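Take a look at the structure set out below.
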Protein chains: 2
Amino acid sequence: MKIGELSRLTGTNVETIRYYERDGLLPIPARSEGNYRIYGDAHVQRLSFIRRCRSLDMTLDEIRVLQHFKESPQENCADVNRLLDRHIGHVAQRMQELQELERQLKGLRERCGEARDAAHCGILDGLSQAIVPSGKTASHVQGAHRHAANPNSAKGIQGNQV
Amino acid sequence: MKIGELSRLTGTNVETIRYYERDGLLPIPARSEGNYRIYGDAHVQRLSFIRRCRSLDMTLDEIRVLQHFKESPQENCADVNRLLDRHIGHVAQRMQELQELERQLKGLRERCGEARDAAHCGILDGLSQAIVPSGKTASHVQGAHRHAANPNSAKGIQGNQV
DNA sequence: CCTTGACTCTGTAGCCACTCAAGGGTTTCT
DNA sequence: AGAAACCCTTGAGTGGCTACAGAGTCAAGG
């Protein structure tokens, strides 16, 4: 099949498929006479695997590791467990951060019950005062401006580390 | 003061300060004879405001809007409320998504109690089967692989709660 | 045979919010 | 005077795509 059909079968943008190929996640396919990429069932399986992992918000690097495990059946799957546990930890951590964020934002929101002029807006006042810095966690889970776990989304800001 | 002091006072990377200037968030400062940027108290206030907003995971565009409100005191602060409410909504939504993510990941993790060889690993099996695609929500909150939202993490700007 | 239109190709640039590095100039301390 | 600390500009890199531009390929219809 050609790239369009693979795209339809897996719900993956054509550009994304080519991106995965460039990035080494998808094996380089055969080409037709007219230089079109030709895929088979194995590619469908492989791409579906990638998309499922992405829908679980794994990085492409993590997916690469999992693919390696799949291709080395003699290896112990305890490593797979470890990778998954670490990923679950990141998700949990990010949730905690977002909870703290929500708490602060709601506190800020309380400061402005009704509409007044911005000169006396309690929210702007609140933002002009200090906010307690929460811990310097090092999650790899993303912040507040991003699409769902849905892999068809842009990536957000990188955190700052000092 | 020079950029290094502003950096220390606000806990902001020097490069980040210059980036904000390029991006129009910080007003262009005066220059010394040796072409060094010279900042005053107003810059400290302004940058602190930005960093506090960033610590609440607002985008630079949102911050620009808030700055506009601050500079137009006659405007109604109901707009500020709306912006904040929307942002809170994004955070809440992202948390829900992460909860669903956690559920799925833990379900997957259950499939592998003890270490076996990867050929029979229940996790890899699970990843090779379908996972329900969650909704096509349009949050701007980020996913699972990100640093903490807090830009003041290391230096810790002075501060009480909001 | 020719055209139309759908599909595909490569290559490059853009997104966000920074971060880093190269290669230089300026100031300050000893 | 020289070293160290600071500052400058420019450009590139991050992740995971997405979106173009400009060209080529292919099947169906007139």
Side-chain angles (χ1 to χ4, degrees), chain A residues 1-8 11-26 28-39 47 50-51 53-64 140-162, chain B residues 1-8 11-26 28-39 47 50-51 53-64 139-151 153-154:
Chain A
M1 77 190 73
K2 286 181 289 182
I3 200 168
E5 197 181 340
L6 181 62
S7 166
R8 251 167 277 124
T12 311
N13 198 319
V14 167
E15 323 270 9
T16 305
I17 296 175
R18 289 196 279 250
Y19 170 74
Y20 287 161
E21 180 185 328
R22 270 200 308 286
D23 210 44
L25 273 164
L26 272 181
I28 291 168
R31 296 285 183 135
S32 73
E33 277 189 27
N35 199 31
Y36 287 6
R37 288 170 178 82
I38 303 297
Y39 298 99
L47 181 52
I50 295 171
R51 296 308 276 175
C53 292
R54 284 295 297 134
S55 81
L56 296 173
D57 240 348
M58 297 177 186
T59 63
L60 298 189
D61 274 346
E62 283 171 332
I63 297 171
R64 245 181 290 272
H140 66 166
V141 181
Q142 292 165 300
H145 294 258
R146 216 214 139 200
H147 221 281
N150 186 330
N152 311 319
S153 54
K155 185 146 188 222
I157 65 175
Q158 326 264 52
N160 67 312
Q161 49 228 80
V162 180
Chain B
M1 77 191 73
K2 285 181 289 181
I3 201 168
E5 197 180 341
L6 180 62
S7 165
R8 251 166 276 123
T12 311
N13 197 318
V14 167
E15 323 270 8
T16 304
I17 296 175
R18 290 197 279 247
Y19 169 74
Y20 287 159
E21 179 186 328
R22 270 199 309 285
D23 210 42
L25 274 164
L26 273 180
I28 292 169
R31 295 285 184 136
S32 73
E33 276 190 26
N35 198 32
Y36 286 6
R37 290 170 177 82
I38 303 298
Y39 298 98
L47 181 52
I50 295 171
R51 295 310 275 173
C53 292
R54 284 294 298 134
S55 81
L56 296 173
D57 240 351
M58 296 177 187
T59 64
L60 298 189
D61 274 345
E62 284 171 332
I63 297 170
R64 244 181 290 272
S139 166
H140 65 168
V141 182
Q142 292 164 301
H145 295 257
R146 214 216 136 202
H147 229 282
N150 192 331
S153 39

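Naming: A, B, ... by sequence-line order, numbering from 1 per chain. The model shown is predicted, which means the values in this text are computed figures rather than measured ones.
One can place OH of A/Tyr36 at 11 Å from P of C/dT10, the figure rounded to the nearest angstrom. The CD1 atom of A/Ile17 sits 13 Å away from the P atom of C/dT10 (whole-angstrom rounding). Counting to the nearest Å, the C1' atom of C/dT27 and the CD atom of B/Glu33 are 12 Å from each other. For B/Met1 and D/dC6, the CE to C1' distance is 16 Å, given to the nearest whole Å. Rounded to an integer number of Å, the gap from CG of A/Leu6 to P of C/dT8 is 10 Å. The interatomic distance linking A/Leu25 (CG) with D/dG15 (C1') rounds to 12 Å, in whole Å. Rounded to an integer number of Å, the gap from B/Glu21 CD to C/dC18 P is 15 Å. A straight line from CZ of A/Arg54 to P of D/dC17 spans 4 Å, rounded to a whole angstrom.
The shortest distance between side-chain heavy atoms of B/Glu5 and B/Lys2 does not fall below 4.5 Å. In this structure, the side chains of A/Arg51 and A/Thr16 come closer than 4.5 Å at one or more pairs of heavy atoms. The shortest side-chain heavy-atom distance between B/Pro29 and B/Glu21 falls under the 4.5 Å cut-off.
Set against C/dC18, D/dT18, C/dA21, the side chain of B/Glu15 has C/dA21 as its closest nucleotide. Across C/dT19, D/dC17, D/dC7, the shortest atom-to-atom separation from the side chain of B/Ile3 is found for D/dC7. Of the candidate nucleotides C/dC9, D/dG16, C/dC18, D/dG16 has the atom lying nearest to any side-chain atom of A/Tyr19. Of all nucleotides listed (D/dT18, D/dC7, C/dT19), D/dC7 comes nearest to the side chain of B/Arg18.
Between A/Asn13 and D/dT18 there is a side-chain N or O to OP1 or OP2 distance below 4.0 Å. Contact check, B/Thr16 against C/dT19: a side-chain N or O comes under 4.0 Å of OP1 or OP2. Between B/Arg31 and D/dT9, a side-chain N or O to OP1/OP2 separation shorter than 4.0 Å is present. B/Thr59 has no side-chain polar atom (N or O) that falls below the 4.0 Å cut-off from OP1 or OP2 of C/dC16. Note on A/Tyr20: every side-chain N or O is 4.0 Å or more away from OP1 and OP2 of D/dG16.
Here A/Arg22 pairs with nothing under the side-chain hydrogen bond (donor to acceptor under 3.5 Å, both in side chains) rule; sequence neighbours left out. The side-chain contact (heavy atoms from CB on, under 4.5 Å) check on A/Arg64 picks up A/Asp23, A/Leu25, A/Leu60, A/Asp61, with sequence neighbours excluded.
Toward the 5' end of DNA chain D, the nearer of the two residues B/Val14 and B/Arg22, judged by each one's closest nucleotide, is B/Val14.
Contacts of B/Arg37 with the nucleic acid, taken as non-hydrogen atoms under 4.0 Å apart, involve only primed sugar atoms and P, OP1 or OP2.
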